[in-house]
> 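Attaching a single structure in structure tokens format; questions to follow.
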Amino acid sequence: MVAMAIAFGIVVAMTASPPADVPAVALRATVVYRVEVGAAVFFGLYVATMAFALALQNRGFTEIGSSGIRAQRLAAASGEDSVSEDVSMELIAEVMDEVRELRAWREESEHVD
């Protein structure tokens with residue numbers, strides 16, 4: 001799949017028609033422009049290929065940031081979520097208890113007036 005991405009990038013680089021005014025990013029050179037277009041196509045296909053290959057192994061990109069891209073088993077990532085889910089459930093239970101207490105207090109205060 002990576003070889004196909006390389007081949008497709010080369011084909012796109014060779015067939016890319018540069019604009020009349022080649023951008024300064026390409027150093028105003030047609031060859032550099034074509035290489036940049038081919039490289040962009042290759043990197044796009046490469047990332048898609050890696051995401052697909054990781055998905056076949058039940059893995060995925062779990063961290064994308066300035067320190068790079070990290071892949072982790074999706075089952076392990078969801079296991080960490082279950083810990084936070086337990087904490088969330090406890091927090092929800094506490095909030096519901098407080099809501100019940102506030103309702104009881106409101107009912108008492110309405111009957112007093």
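Model, not experiment: these values are computed from the prediction.
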> Nearest 0.5 Å, what's the CD-CZ distance between E101 and R106?
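Nearest 0.5 Å value for the CD-CZ distance: 14.5 Å.
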> Could you tell me which non-hydrogen atom of M1 sits nearest to which non-hydrogen atom of T49, and how far apart they are?
CB-CG2, 3.5 Å
> Do M4 and L54 land in one hydrophobic cluster if side-chain heavy atoms of ILVMFWY residues count as linked below 4.5 Å?
no
> So do the side chains of M50 and V2 get within less than 4.5 Å of each other, counting heavy atoms only?
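SC-SC contact between M50 and V2 confirmed.
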> List the atom of P23, the atom of Y33, and the distance in Å for their closest heavy-atom pair.
CD-CD1, 4.0 Å
> Test of understanding: with ring-ring contact (aromatic ring centres under 6.0 Å, His included), list the residues that count as partners of F42, not counting sequence neighbours.
Y46
> Looking at every heavy atom in both V37 and A16, which two are closest together, and how far apart are they?
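Answer, listing the atom of V37 first, then A16: CG1-CB, 4.2 Å.
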> Do V12 and R34 have side-chain heavy atoms sitting under 4.5 Å apart?
no
> Closest approach of R28 and V22, non-hydrogen atoms and distance?
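Reported closest heavy-atom pair: NH1-O, 3.0 Å.
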> So how far is it from L27 CG to E36 CD, rounded to the nearest 0.5 Å?
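Interatomic distance, L27 CG to E36 CD, rounded to 0.5 Å: 7.0 Å.
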> Please find the pair of heavy atoms, one from G9 and one from V41, that lie closest to each other, and give the distance.
CA-CG1, 4.3 Å
> For L45 versus A5, what's the shortest heavy-atom pair and its separation?
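It is CB-CB, 3.7 Å.
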